[in-house]
Each structure stands twice: as C-alpha cells, then as structure tokens.
Visitor: 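Dumping the structure here so I can ask a few things about it.
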2 protein chains.
Amino acid sequence: MAKDLTTVVSSKTKTVEINRNNPTVVIGERINPTGRKKVLAALKEGNFDMVRQDARDQVAAGAHILDVNAGVPGADEPALLKQVMQTVMEVTDVPLCIDTADPEALAAALSVYEGKALVNSVNGEERSLEAVLPLVKEHGAAVIGLCMDDDGIPDSAEARLKVAGKIIERAGKLGIGPEDVVIDPLALTMGADSNAGRVALDTIEMVVREFGVNVTMGASNISFGMPDRKYINATFIAMAIHAGLTCPITNPLVPEVSIAILAADLAMGRDEFGMRWIQAYREREKAAGK
Amino acid sequence: MAKDLTTVVSSKTKTVEINRNNPTVVIGERINPTGRKKVLAALKEGNFDMVRQDARDQVAAGAHILDVNAGVPGADEPALLKQVMQTVMEVTDVPLCIDTADPEALAAALSVYEGKALVNSVNGEERSLEAVLPLVKEHGAAVIGLCMDDDGIPDSAEARLKVAGKIIERAGKLGIGPEDVVIDPLALTMGADSNAGRVALDTIEMVVREFGVNVTMGASNISFGMPDRKYINATFIAMAIHAGLTCPITNPLVPEVSIAILAADLAMGRDEFGMRWIQAYREREKAAGK
C-alpha cells in the first residue's frame, strides 16, 4: 500500500490541498463550450458573460477548483483560453485547471497563470508526454494523467494501471514528483459496455494501492444514453470516492451529485461531527425558502 | 483474496441466491414494530393488516427477502412471531429472514417455516453462539453473524474481523459452512462517532477479502440524528456495495435508497445493458403518471 500523497494547487491567493484524508475536492466542469451551443456561440462573439456566471455559480455551489476549457472550433485557442482564464480570475479566486489538447494554448495559458495550476491533461501517448510534461515542469504545475496511450484506452484495469505507471515514471524523469500527477482512470459509457464503471473503479483502487497518487475522474460519461443520469452519476462518484477518488471533475450545480459527495465524505470519516453535511443542509433549506 | 461464496435462501416456491456477482439482494426491514407505534399497537390487538400491507408493498418495491420481527414487549413472542410469519407467507412468496433475539421464538419460527430461512441473528457472545447456531444447523438455515461479542461492539475494523472469524469458525464446527454465514459489520451512528461509517466499510472489505462470505447491513443507523437521512443512507449503501455488501437490510419504499442500489449494481457491472435500471425508471415514470 503506497502512502497517500498530497497534491497542492493554488491561485494567487488560495491554496487547495488534495489528499485522501481531506474532504473531496470538487473541480467544476462547466466552463467548457463542448456540447453547449449557447456558450460556444457566446465565446465566438467574444461574450464572456456566461463564463463569469458559470465561474461564480460553481464556486458558490462548492467548487474548489475550476476547469477552464476554451475549445472553440476554428478559434485562436491560445488567445481565447487566456481571455477565458482572465475572465474567471477576475470574478473568482479559486485555482484553475487548464483544460486543453493544444500544447500551444497550454503554454500560453501557463505563462499568464499566477499560482500553481492543474494541467488537464497528459496521457500515455508518446506525442502527449513529450509535448505536455516539459511545460508542466517548466511552470511548476501539477498534471492530470489519463489512462490511455498510443493503443487507445485499455479494456482492463490492469492495463490502465500500467499506463498510469508509465505517465508517473516519465513525469518523474523530468523531475515532476508523483504528488504532482493526478491520475484519471477514464470512465467510459456503461450503455456501450456494462463493465465500464467497474473497470474505472478497479483502476482507481489499483492506482491508489500502487502509487498513492490523487485521482480525478469526469463521472458524467458513465451514464450517457441512460435515463435519470444524475442518480447514476451521484452514486458512481460516491463509490469512486470509496475506491480512492479525491478530486472529481463534475457539475456542482447538480444537487444530487453535490449531496452524494458530501454524504460520501461523511461516510469516509472526513466530516467531523457532520459539520459540513449540516451546513450544506442549512444552505439547501435556506435556498428553498424554509 | 477468498473466493466469493453463494448463500442460498428459499421459501416454499422461491429461491434467492446471494453472491457478489449477482445484483444486490434487498432484505425489506419494514415488518418490525420497533419504533413504529402504530404497528406495535396493531400487533398487540392481533391486527395483522399492516403486516400484510408492509409485506406486499416491500415486495412490489423490489424486496427479495422480508425480515420479520415481532418483538412486542410483554407479548408471547414465539406465538406472535409464528402468526406474523404465517401472515406474510399468505400474501407473498419471498423467503423470510427471521428476526428475533429470543431463542425460543426462533425455534418456534423455524419449526413452521417451509424453505431455507435466514436467521437474524447470532453474534460472537458465548450465550448467543450456543443458543442460536444449533438451531440454525438443525433446520438447515443460513444465519446473520453480527460483529460484536461479550466485550461489546469493537471500535476497530480489525477487531470486528476477528469476531466475524470467530462466528464463522464456531458455525463451521457445527457443520454450518461459511456460505451459510452472512456477516453484518454493524454500522453505528456517525453523529456519535465520525468514523462509524468508515469502520463499517473497512470491516466489510476485510471480511470479504478474508472469508469471501456474503455481507448484510442495516444502513439506517448510520445517519441517526443527522438531517436529510435518506441521502446519507442511499450514498452509504452504494459505497458499502462497492466494499462488498451483498444483501442490505433496508426499506425499499424509500426511492432514494432503491435507486442508489440499482445505480450501484449498474456501476459494479451487475446490470447487463442497464436493463434493470431502465425497467425501474419506466416503473417510476408510470407510477408518477407520465
């Protein structure tokens, strides 16, 4: 059993410590035009109002870190990503997770970011390792490592563990310690493969046992094509927290998911006297006008 | 890692197999006067209408086994327990879980039960082991073993594992195989001890790894004194299923809990193509008149 590591990320004024003994760290996923037509259209027009709104709302709903993605087809991503980040930093003070598949945009974003960012993401593909890890090292950031490589996304948890190990090893060679690598097991769609959830959960357990690193996961994919998705996502996140997930990327505005995360922390003994649970309950009651 | 065992329980006409690769088996907890004044009063008057209703409702809501408790202070428990069981068997055909602390009542109940019952419960106290296990053996039943002994309920998961081992060993000496011992880790109240959930979850994992036995748990205690208990119970059951829980004792009429169990099975890869999830969704929609 590897020792549990602490990943530190920060903004200019705020530090977040991700560790398996702390309450779960929520990375807000909303600032992302993918699949959101209105946001996409607004960004194309240089309108950042929705970005501001999404940033404020997510932090109010409990996000500790905000994921920022500016992947607008046809746009100048380095410039746009910087603008979106600036906008978010103007209205909130939480650390950012810089979400881009474009190394140029990543370099531009890291160069303007004040603090220690979380980079989303590197994977086990040779091309990705070579492009992303040196930037992470240069800027002293932390990085999310996706369990996929040049052969795609492995079917088995054992093979995903191997990819995680490869990423951690390659990062280490550049002087990026395992405490700065956050592994994403990749949760695929259960509608396509009934075992998709199980493989992700098993991967988390194995990665934690072997490396003690922090673990992130986007938990919305899993329920794609199923009815009542929010219940599946909420339950799946709680189970993944039991497996070792420490910083899910999710939408904190979905109450079912936020409640499940708080309940999971309570069940894991990470909420002394249930203070956070009770506080959140009071806020829900207040919001409901009771 | 011990091999996963299968516990078989049955009524005259129905067999339920409890195994970690099958969907979760729900043991309905409602037929129990403890803390239910109306039921208590009705039973005292020999009125079994609520028993019938609770039996039918729970099976309709997905219970696979019904727990039957007739612990009415001052009543003739052997006679009353038999009557309540007869009533339940008249309106449903699922196997029963005979829930009594009175060995005489247990003997009486087992003598009229047709099928293989689940006995709730034995524990590691010398007195309990000596009174209950011979009855379980004599009637070819299965038995729930609570992780407590003459020194009370241990604080640590390690010590609870030891009690589980003792119960399994003592059962084995009488010829009751480990496949017929279902362990209950005991979930205490988190309001009293922030670690109560964690200890129960850890106990489940250890018991499963060591013995491969099936695991039950009453998951309602855990949230006692907290607000919005149903969300805590639902999340905790899902996490316990990930840890290895196979047959929770719960109230299937609480939708949050039933939905979480279905979602947990989906996440564990025990619901091929999500057929059970989709079916339950359709039934919810129908019930809501959509």
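In what follows, every chain begins at residue 1, and chains take the letters A, B, ... in the order their sequences are listed.
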Visitor: If you define the side chain from C-beta out and look only at heavy atoms, does anything of E205(A) sit under 4.5 Å from H242(B)?
Guide: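 Contact flag for E205(A)/H242(B) side chains = yes.
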Visitor: Checking A234(B) against chain A: side chain, backbone, both or neither under 4.5 Å from a heavy atom?
Guide: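 No part of A234(B) comes within 4.5 Å of chain A.
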Visitor: Name the region of M239(B), side chain, backbone, both or neither, that has any atom closer than 4.5 Å to a heavy atom of chain A.
Guide: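 Both backbone and side chain.
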Visitor: Check whether E256(B) gets within reach of chain A through its side chain, its backbone, both or neither, counting any heavy atom under 4.5 Å.
Guide: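 Neither part, no heavy atoms under 4.5 Å.
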Visitor: In terms of heavy-atom contacts, does CG of D150(B) have more than 12 from other residues, nucleotides or ligands at under 6.0 Å?
Guide: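 Counting other residues, nucleotides and ligands, CG of D150(B) exceeds 12 neighbours.
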Visitor: Please report the closest heavy-atom contact between I232(B) and A263(A), naming both atoms and the distance.
Guide: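 Closest heavy-atom pair between I232(B) and A263(A): CA-CB, 4.2 Å.
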Visitor: Taking every non-hydrogen pair under 4.5 Å, which of S194(B), A243(B), A192(B) racks up the most with chain A?
Guide: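 Going by pairs under 4.5 Å, I would pick S194(B).
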Visitor: Does anything in residues 218-228 of chain A reach chain B? List residues with heavy atoms under 4.5 Å apart, or say none.
Guide: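 M226(A), P227(A), D228(A) fall under the 4.5 Å cut-off.
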Visitor: Considering only heavy atoms from C-beta outward, does the side chain of D271(A) approach that of M190(B) to under 4.5 Å?
Guide: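 No - every pair of side-chain heavy atoms lies 4.5 Å or more apart.
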Visitor: Under 4.5 Å heavy-atom distance to chain B, tell me which part of Y231(A) shows up: side chain, backbone, both or neither.
Guide: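 Contact with chain B: backbone and side chain both.
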Visitor: Using non-hydrogen atoms only, which part of A200(A) is less than 4.5 Å away from chain B: side chain, backbone, both, or neither?
Guide: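 Answer is neither: A200(A) stays 4.5 Å or more from chain B.
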Visitor: Roughly how far apart are T235(B) OG1 and M268(A) CE, rounded to 0.5 Å?
Guide: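 Going from the OG1 atom of T235(B) to the CE atom of M268(A) covers 13.0 Å.
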Visitor: Out of L266(B), I259(B), L262(B), return the one with the most heavy atom pairs under 4.5 angstrom to chain A.
Guide: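 Heavy-atom pairs under 4.5 Å are most numerous for L266(B).
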Visitor: Contact part of R284(A) toward chain B, heavy-atom cut-off under 4.5 Å: side chain, backbone, both or neither?
Guide: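 Contact with chain B involves the side chain of R284(A) alone.
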